[in-house]
Amino acid sequence: MNELLEILNDIQPGVDFENETHLIDNHLLDSLSIISLVAELEDTFDMTIPAVEIIPDNFNSAEAMMEMIQRLQED
Amino acid sequence: MDVLSLLHAGAHPGLTAFFSLHYLGLFLPAAVILFSLTPKKGKKYTLLLLSLGFYWLISGVLIGYLAASVAVLWGCGLWMNSLQKKRDIAVKAAEKPDRKAIKKKYNGYCRLIMGLAVAAHIALILVLKYSGFFLTNVNALFGTGFAIPEYLKPLGLSFFILQSVSYLVDVYRQTIPADSNPLRLLLFVSFFPQIVEGPICRYSQTAQQLWEVQPIRYENLTAGLQRILWGLMKKLVVADRLNPFVEELFTHHAGYPGWLSLLGAVLYTVQLYMDFSGSMDAVCGTAQIFGITMPENFRRPFFSKSISEFWNRWHITLGTWFRDYIFYPVTMSGPMKKLTGSARKKLGNHFGPLLAGSVALLCVWFSNGLWHGAAWHYIFFGLYHFVLILLGNCFAPYLKKANERLGFTPENKPFRVFQMLRTSALVVFGELIFRAENLAQAGGMLKAIFTNFGPLRGCYSTLKTALEASGCDVLDLLIVAVAVCIVLVVSILQEKGVEIRGSLNRKPTALRWAVWYALILFILIFGAYGVGYIPVDPMYANF
């Protein structure tokens, strides 16, 4: 989780990623941030995020992202 | 004689005009009666036969392309599905370290099948629609003498090809199951209201509801007819009435001052919106009669505050198609991800990902321009919007900061109105490029607007001369203005969340009928039809 928070803070500083649960809905992460984020997550966690996983539910909170990462790592 | 020619396969492309007597007066009533007479269990088959009959009447033997496409969808869908099942069984039985390799192997097979099937569809459209354009350019560039082929292309080709490609990719991505029923797939692709001008439906949106179609209900029938009537008003009173004048301003632009070129571009933008959104009203209204909900293609686009927002509100199903099947796959491809990673380190959090996003955006807008037609001015139209969106993305953070400092918040109403007018002005210039016969005409008109705008003295008599040359008069423009005001008021109310037809239905019967009769009379009196008017084909049917 710490690694994920580090990436998020690097890409979009100044957001409370630990507690925020509407990152996409509240426009705290835009499409450009998602492009960066996907590239960084794949590099760091050694998995592939397919295009179908790019949905708000998977990126609205750090927790949701972590769940997606773990699910894709198991795949 | 007319009915006989209707029965002759492929001899009646006029049926594609949703507001023609042939469609509204003959085909639709016949379809409703036939559908109603069919027992409940057979209704889906009647709908399928009606759809195939409709397409056969407008395309004749070219219906073979559609049948071949559905055969490929059915076969390749089931093939991918069986491989995906085999993969899951093999993964379950394998040890954990081996699972990745097994998945990779089966997913590779599926990707190959999907890729070949998609390539076959793209090749078909490239040959039928673009080979002439391509060879003309090759001949001009290299001095070669290739013969320019002229293929007969079935109406609605660009629409059903995109719909078919979306099905193949969705089955590959496993966001939908492969359909084992070829008739259901055939109905999904061929449903008669959508086949000519879209909307471009996804399998998950319409296939099942079409197959489970229910008997016609009174409230669906009336709501559908009301929607068609609204579209009829947009098409006959505005779009078709404007057509001769727009034609005159574009064709003979060299003889007029620049402000008439600008007026031509503005009026063409109004014409295109009323024509296309009016046709979509007819499509959605027809579907509603049968209890089918189609995805909407327009959401009051001229209230957009940016070009990006405009494309989320104009031809929505085309925009979402490009987003899901070109923008995301390109952005999320291996090389683009690598580019994003390295560019972010060098260019920072904003411009780094923007680089990869822009490559994908360029692919989207090049395809969007080309999709509309095989001509350079369509490609320029796409690239014009690419540049506008790219500039918007580049300057977004700086503009946001500047606006905050100046107090231009999203709640600031005059600023919002300014943003809407700015967006509409940019759209108008794009539509000028789109409507022009070629790049030279577009260039000439743009040059006139910026270098030879006036003289404004005596502009009324210049306007009257241009109107007379097109066979129109000032009264035509006044009628159009009244109709546009009606559409504008309705749009403002819808934008404020008022459900107009719902609230009208709650009013007393006399008032309700007065409103609908007033609309019918308005169309009958002011619609452009009958002697002296040349029927205008739906503008998007040719794309």
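Chain identifiers are assigned alphabetically (A, B, ...) following the order of the sequence lines, protein sequences preceding nucleic acid strands; residue numbering begins at 1 within each chain. These values consider heavy atoms only, across backbone and side chains, with no hydrogens, waters or symmetry-generated copies.
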* **Proximity breakdown for B:Arg99 and chain A, heavy-atom pairs closer than 4.5 Å** =>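 Neither part; nothing is under 4.5 Å.
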Could you state the interatomic distance from [atom1] ([X]) to [atom2] ([Y]), rounded to the nearest 0.5 Å?
{"X": "A:Ile34", "Y": "B:Tyr328", "atom1": "CD1", "atom2": "OH", "answer": "8.5 Å"}
{"X": "B:Lys338", "Y": "A:Glu42", "atom1": "NZ", "atom2": "CD", "answer": "11.0 Å"}
{"X": "B:Lys337", "Y": "A:Ile35", "atom1": "NZ", "atom2": "CD1", "answer": "11.5 Å"}

* Heavy-atom distances under 4.5 Å only: say whether A:Asp10 touches chain B with side chain, backbone, both or neither. =>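 For A:Asp10, heavy atoms of backbone and side chain both lie under 4.5 Å from chain B.
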* How about residues 58-71 of chain A versus chain B: which residues have heavy atoms under 4.5 Å apart? -> none
* Asked: What residue in B:Lys96, B:His350, B:Arg344, B:Gln174 has the most heavy-atom pairs under 4.5 Å with chain A?
  ->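 When all of B:Lys96, B:His350, B:Arg344, B:Gln174 are compared, B:Arg344 has the most.
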Within a 6.0 Å radius of atom [atom1] on [X], are there more than 12 heavy atoms belonging to other residues, nucleotides or ligands?
{"X": "A:Asp46", "atom1": "CG", "value": "no"}
{"X": "A:Glu18", "atom1": "CD", "value": "no"}
{"X": "A:Phe45", "atom1": "CZ", "value": "yes"}

N/O donor-acceptor pairs under 3.5 Å from side chains in residues 392-408 of chain B, not counting sequence neighbours:
unit_1, atom_1, unit_2, atom_2, d
B:Asn403, ND2, B:Leu399, O, 3.2

* Can you list the residues that meet the side-chain contact (heavy atoms from CB on, under 4.5 Å) rule with B:Lys103, with sequence neighbours excluded? ->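 Partners of B:Lys103 by the side-chain contact (heavy atoms from CB on, under 4.5 Å) criterion, ordered by chain and then number, come out as A:Asp75, B:Arg87, B:Val91, B:Asn107.
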* Asked: Hey, which of A:Ser33, A:Ser36, A:Ala39 has the most heavy atom pairs under 4.5 Å with chain B?
  -> A:Ser36
* Asked: Which pairs pass salt bridge (Lys or Arg N to Asp or Glu O under 4.0 Å) with one or both residues in residues 318-335 of chain B, sequence neighbours excluded?
  ->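 Output for this query lists B:Arg202-B:Asp324.
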